[in-house]
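In what follows, every heavy atom counts, from backbone to side chain, and hydrogens, waters and symmetry copies are set aside.
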Amino acid sequence: MLITDGAKGGAYHDFSADQVFEVAGISVIPVDTTGVDDTFCSYFIRRLSLGEDPQTALTCANPAAALKVTRLGTTDAIPSLQEVMEFAP
């Protein structure tokens, strides 16, 4: 189960392995929260589909969502992977 918690970060619960993976929030000034959870989820799922472990996938999804929330708009405001990598703390 993937859980997003806004500025507090997010978590992934793998019930089959009884494991919890977490990331802390990234402090940004929010502009538009529309599509932030979609951005987080899509980055997370994409990274998992490429064979990354859940913690690494969360570590990519988290800054993607943080960067998205600083932008006005929806689909056109979702950051590219390059932007996420450059932004990641």
(message) Other residues, nucleotides and ligands only: do more than 12 of their heavy atoms fall within 6.0 Å of CG on Asp18?
(response) no
(request) State plainly whether one hydrophobic cluster holds both Met85 and Ile78, where clusters connect Ile, Leu, Val, Met, Phe, Trp and Tyr through side-chain heavy atoms under 4.5 angstrom apart. (result) yes
(message) Through direct or indirect side-chain contacts below 4.5 angstrom among Ile, Leu, Val, Met, Phe, Trp and Tyr, which residues connect to Leu50?
(response) none
(request) Return the minimal non-hydrogen interatomic distance between Cys41 and Leu2, and the atom names on each side. (result) SG-CD2, 3.7 Å
(message) Do Leu67 and Val36 land in one hydrophobic cluster if side-chain heavy atoms of ILVMFWY residues count as linked below 4.5 Å?
(response) yes
(request) Is it possible for you to say whether Ile3 and Phe21 belong to one hydrophobic cluster, with membership spreading through side-chain heavy-atom contacts below 4.5 Å? (result) no
(message) Return the SG to CZ distance between Cys60 and Arg46, rounded to the nearest 0.5 Å.
(response) 10.5 Å
(request) Search all heavy atoms of Gly73 against all heavy atoms of Asp32 and return the closest pair with its distance. (result) N-OD2, 3.0 Å
(request) Measure across Ala64 and Pro79 and return the closest heavy-atom pair with its distance rounded to 0.1 Å. (result) O-CG, 3.5 Å
(request) Give, for atom CZ of Phe44 and atom OG1 of Thr56, the distance between the pair rounded to the nearest 0.5 Å. (result) 10.0 Å
(message) Measuring from atom CE of Met1 to atom OH of Tyr12, what distance do you get when rounded to the nearest 0.5 angstrom?
(response) 10.0 Å
(message) Ser42: which residues meet the side-chain contact (heavy atoms from CB on, under 4.5 Å) condition with it, sequence neighbours left out?
(response) none
(request) Give, for atom CZ of Arg47 and atom CG of Leu81, the distance between the pair rounded to the nearest 0.5 Å. (result) 5.0 Å
(request) Could you state whether Leu48 and Tyr43 fall into the same hydrophobic cluster, counting links through intermediate Ile, Leu, Val, Met, Phe, Trp or Tyr residues with side-chain heavy atoms under 4.5 angstrom apart? (result) no
(request) For Ile29 and Thr70, work out which heavy atoms get closest and say how close. (result) O-CG2, 3.9 Å
(request) Look at the side chain of Asp14 and the backbone N and O of Ala17, then say whether any donor-acceptor pair between them is shorter than 3.5 Å. (result) yes
(message) If I compare all heavy atoms of Val84 with all of Pro63, which pair ends up nearest, and what's the gap?
(response) CG1-CG, 3.9 Å
(request) Please check if the side chain of Lys68 supplies one atom and the backbone of Thr34 the other of a donor-acceptor pair under 3.5 Å. (result) yes
(request) Indicate the atoms forming the closest heavy-atom contact of Gln55 with Glu22, along with that distance. (result) NE2-O, 3.0 Å
(message) For Glu83, is there an ion pair with Arg71 - N to carboxylate O distance below 4.0 angstrom?
(response) yes
(request) Take Val31 and Val69 through the side-chain contact (heavy atoms from CB on, under 4.5 Å) test and state the conclusion after the steps. (result) CA-CA 6 Å; Val31 173; Val69 81; over 6 Å; no
(message) I need the Phe87 CZ to Asn62 CG distance, nearest 0.5 Å.
(response) 9.0 Å
